[in-house]
There are 2 protein chains.
Amino acid sequence: MKARVETDELGRKTAIEACAEPCAIERGMRVLGGKWTGSVLWHLKDEPVRFNDLTRMIGGASKKMISERLKHLESHGLIEREVLETRPLGVAYRITPRGETALRCLDELRQWSESVLPQH
Amino acid sequence: MKARVETDELGRKTAIEACAEPCAIERGMRVLGGKWTGSVLWHLKDEPVRFNDLTRMIGGASKKMISERLKHLESHGLIEREVLETRPLGVAYRITPRGETALRCLDELRQWSESVLPQH
DNA sequence: CGGCAAGGTTACCAAAAGTATACTAGTTGC
DNA sequence: GCAACTAGTATACTTTTGGTAACCTTGCCG
């Protein structure tokens, strides 16, 4: 991420250390950036939450979206799926220690958008 | 973001303070989350950069994307467009104080993905 | 038995996002 | 005149998202 541009003796310009595909910022965004992804993780921060409760909490998102986001987060090891031996059977999702490390930047983002973005 | 689910005396569940469309996290993602958006802002953090230099620095993105992202960031007041009276005429983009407030969370994200995400 | 809750899956569709390539118009240096 | 620079636009296309709605299985309650 120290990309710069240099000009050679003939006036031609070349990028040095150009930032190709996977800058850290881009990679992070791929993991946390999708619609609802941050919200889903955020809602798990205090306690495990069951699938249907999540869909109720995150009003605008469909079951399909929640399901996709949960799989996505699980595939990155940020949350865990846990089957509850209740009747009827239930499933809860809980944040992992690895997932908790992401809360810091989600919280920064939250603070930033609360303080800087127009209320709107 | 304190959404929870309550059960009434008949066993029916209702979401309290459900998180509809614009949670702070979602809104922040809309501003910083698009592909290349974070990278573009990041590359402006130290000094103004000219258009074509940006496209060279960010190897994977087309001019159209850079142009769109710059307009997007400008529309949110995070960067400024500045015409340089050089020959040939040039344009430089510089980060605004408002834009600088976003660097904190971009940096958190960068640190997070560097330390937590598989090198890949 | 009918209906409901749980935890999803499936099919389908629309719209957004991103890519690739070409092109403008003006300037400068070789 | 040719090439390369400036800062973008225009066009066309493909891919990825996101969203709706219906459906499924198992088990419980009345």
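Order of the sequence lines sets the chain letters (A, B, ...), proteins ahead of strands, with each chain counted from 1.
- One can place CD of A/Glu68 at 12 Å from C1' of C/dT10, the figure rounded to the nearest angstrom.
- Residue B/Arg81 has its side chain nearest to D/dA7 when only C/dG18, D/dA7, C/dG7 are considered.
- Under 3.5 Å, the side chain of B/Lys63 and the base of D/dG8 form at least one donor-acceptor pair of N or O atoms.
- Annotation: the span from B/Met29 atom CE to A/Ser113 atom OG amounts to 9.5 Å, rounded to 0.5 Å.
- In this structure, B/Glu108 and A/Leu109 have side chains that are not in contact, with every pair of non-hydrogen atoms separated by 4.5 Å or more.
- Taking 4.0 angstrom as the limit, B/Arg50 places none of its side-chain polar atoms (N or O) nearer than this to OP1 or OP2 of D/dT6.
- Between A/Trp36 and D/dG19, a side-chain N or O to OP1/OP2 separation shorter than 4.0 Å is present.
- For A/Arg69, no side-chain nitrogen or oxygen approaches OP1 or OP2 of D/dT17 to under 4.0 Å.
- Salt bridge status for B/Asp107 with B/Arg104: absent, with no side-chain N to carboxylate O gap under 4.0 Å.
- Between A/Leu89 and A/Met65, the residue whose closest nucleotide on DNA chain D is further toward the 5' end is A/Met65.
- At whole-Å resolution of the value, CD in B/Glu74 and C1' in D/dA7 are 14 Å apart.
- Between B/Leu84 atom CG and D/dC5 atom P the separation is 18 Å, expressed in whole Å.
- Between the NZ atom of A/Lys35 and the C1' atom of D/dG18 there is a distance of 7 Å, rounded to whole Å.
- Following rounding to the nearest Å, B/Ile66 (CD1) and D/dT6 (C1') show an atom-to-atom distance of 16 Å.
- For A/Lys64 and C/dG8, a side-chain-to-base donor-acceptor distance below 3.5 Å is absent, hydrogens and geometry of angles not being considered.
- Regarding A/Arg30, its CZ atom lies at a distance of 8 Å from the P atom of C/dG18, rounded to whole Å.
- For the side-chain contact (heavy atoms from CB on, under 4.5 Å) with B/Val49, the lone residue among B/Ile79, B/Ile95, B/Val40, B/Leu44 that qualifies is B/Leu44.
- Residue B/Ser62 has no polar side-chain atom (N or O) positioned under 4.0 Å from OP1 or OP2 of C/dT21.
- A close approach under 4.0 Å does not occur between any side-chain nitrogen or oxygen of A/Arg56 and OP1 or OP2 of C/dA5.
- More than 12 heavy atoms of other shown residues, nucleotides or ligands fall within 6.0 angstrom of atom CZ in B/Arg98.
- Rounding to whole angstrom units, CG of residue A/Leu70 and P of C/dT9 are separated by 10 Å.
- The CD-C1' distance, from A/Glu26 to C/dA17, rounds to 13 Å in whole Å.
- For C/dT9, one of the phosphate oxygens OP1 or OP2 lies less than 4.0 angstrom from a side-chain nitrogen or oxygen of A/Lys71.
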